Student: 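This is the structure I want to talk about, given as C-alpha cells.
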Amino acid sequence: MFELNENFQKLPGNYLFATIARKIKEYTAEHPDHHLIRLGIGDVTIPLAPAVIEAMHTAVDEMSRAESFRGYGPDYGYDFLVNAIIENDYKARGVDIEFDEVFVSDGCKSDSGNIGDIFAESNLVAVCDPVYPVYVDSNVMAGRAGEYDPATGLWSNFIYLPCLKENGFIPQVPTIVPGEKTPDMIYLCFPNNPSGAAIGYKELAAWVDYARTVDAVILFDAAYEAFISDDLPHSIFEIPGAKTCAIELRSFSKTAGFTGVRCGYTVISKELIRNGIRVRDLWARRQATKFNGVNYITQRAAAAIYTPEGKTQIRATIGRYMENAKILREGLTKLGYEVFGGENAPYIWLKTRAGMSSWEFFDYLLHQAEVVGTPGSGFGPCGEGYFRLTAFGTKEASLEALERIAKLG
Ligand code: PLP
C-alpha cells in the first residue's frame with residue numbers, strides 16, 4: 001500500500017521564517033509606505049567580489065567554446081577547487097587533508113541535511129538548544145526524533161545541549177553515567193548561529209575527547225569560520241584526534257557572498273571509521289548516486305576567492321559585516337541591552353527588554369521601531385527571551401536600526 005514518509009507529518013507547522021514573513025506581510029499591508037529595516041534572515045547584501053565575477057565571466061566564455069566546454073564534472077569537485085581548499089583552509093592551519101577527503105557541494109544546508117543518509121535511523125542525536133533548525137528537521141524527516149511535545153518544544157528522542165548565558169552559549173560535555181545512553185551523532189556549529197558564540201581550543205578538544213570515548217561522530221558546521229578574528233579553531237581538525245570522530249561542513253555562502261550562487265564542501269577523513277567501514281566511502285557513494293556535482297562556473301568562482309586578489313576582497317567584505325556587528329553590539333550595549341556574539345560571528349544575540357518573550361519583542365520592534373529581527377525562541381526553548389540580529393545588512397541599515405531602537409527609550 002502506498003504510504004508517505006510519515007515523519008514529515010510530525011514536523012510542526014509555522015516554520016520560523018514563514019511566521020516572520022507573514023507578520024511582515026501583514027504589517028506592510030497596513031503601512032505600505034513605511035520602510036522596514038530587515039536584520040532577520042541571515043542573507044548577505046554585499047555583491048560578489050570582483051575576482052569572483054571575473055572568474056565566472058571567464059568560465060562562461062570557456063563554456064561557449066567547444067575546446068573548453070565542460071559537461072558533467074567530477075562528482076566530488078574539480079581538482080583546482082579541491083586543491084585550493086586543501087592548501088588554504090587546511091594546510092595553512094597545519095592540518096593535512098587528502099584530496100579524496102574533500103567533497104564539494106551546493107552548500108552546507110544540503111550537506112548538513114543529507115549527511116544523515118549514511119547513518120542508521122536508530123542513532124541517538126544530540127543538538128544544541130538553541131540550534132540551526134536544519135539539524136533538527138532533517139533528523140525528524142529521517143525518523144530519529146521521536147515525538148514532538150508542543151508544550152516544551154522538544155523532541156522525545158533527541159539529547160539537548162543547552163547553550164545558555166551561564167555557559168557562555170557553549171554546550172557542556174555530558175557526564176558519562178554508566179548505563180545511561182550517550183549520543184551517536186552530535187551536531188556542533190561554531191561560530192554559532194544563532195548565538196554568535198565561538199568555541200575555544202580547549203572546549204572543542206573536550207568534545208573531541210568525549211566523542212572518541214563514547215564512539216560518537218561530531219558533525220561540525222564551520223559555515224562562519226571566516227568571521228573569527230580571535231585565536232580560536234577555524235576547523236575541528238585543528239584538534240588532535242578529530243579526524244577519527246568528526247565530519248566538517250563548510251560553506252562559501254557567508255565567506256564570499258555565495259548564498260545565491262551555492263557552493264560549499266564537506267570534509268571526511270579516511271581515519272573516520274565505524275564498524276570497520278570508512279565513513280568517507282559511504283558519503284562518496286551517496287554523493288555519486290544522488291548528486292551530480294557543482295557546476296563548473298560556480299567552482300571557478302569559488303576557487304577565485306583563494307587567489308591573492310580574491311582573498312583581499314573577501315576579507316574586506318567580511319570586515320564590513322563585522323563593522324556592522326560592532327556598531328550593533330556596542331550601540332545596543334550602550335542602550336542598556338545585554339548583548340552577546342558579534343565578535344567572531346556575524347550574529348548579535350541580545351536579551352529582550354523588560355522580560356518580554358522573544359515573539360513579544362519581535363512584535364514590539366516591528367511595530368514600534370519598524371526593525372525586523374529573529375525571535376530566539378524560534379531556534380529552541382533555550383532561545384526564549386533572546387533575539388537575533390544579523391550583521392549582514394548595510395552599514396546604513398545597522399545605524400538606522402540602532403537609532404530607531406534608541407528612540408524607544
Ligand atoms: N549552517 C549554518 C549554521 C547556517 O547558519 C547556514 C545559513 O544560514 C547554513 C549552514 C547554510 O549554508 P549554505 O548557504 O551553504 O547552504
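Counting starts at 1 for both ligands and their atoms, following the listed order. As the structure is a prediction and not an experimental result, all values here were calculated from the model.
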Student: Which atom pairs, donor and acceptor, lie under 3.5 Å between side-chain atoms of residues 68-79 and protein residues at least two apart or in another chain?
Tutor:
| from | atom 1 | to | atom 2 | distance (Å) |
| --- | --- | --- | --- | --- |
| S68 | OG | E62 | O | 2.7 |
| R70 | NH2 | Y296 | OH | 3.4 |
| Y76 | OH | A284 | O | 2.7 |

Student: Considering only heavy atoms, which protein residues lie less than 4.0 Å from any atom of ligand 1?
Tutor: G107, C108, K109, Y132, Y135, C189, N193, D221, A223, Y224, S251, S253, K254, R262
Student: Determine whether Y386 and F361 make a side-chain contact, defined as any pair of heavy atoms from C-beta on separated by less than 4.5 Å.
Tutor: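 No, side chains not in contact.
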Student: Using salt bridge (charged side-chain N to carboxylate O under 4.0 Å, His left out) as the criterion, list what pairs up with D281, not counting sequence neighbours.
Tutor: R278
Student: Got a salt bridge between R250 and E225, using NZ or NE/NH1/NH2 to carboxylate O under 4.0 Å?
Tutor: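 Answer for the salt bridge query: yes.
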Student: Please check this pair: side chain of T255 against backbone of F252, looking for a donor-acceptor N/O pair closer than 3.5 Å.
Tutor: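 No, T255 side chain to F252 backbone: no donor-acceptor pair under 3.5 Å.
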Student: Mind jotting down which residue pairs meet the side chain to side chain donor-acceptor pair (under 3.5 Å) criterion with at least one end in residues 115-130? Sequence neighbours excluded, please.
Tutor: D117-R286, D117-K290
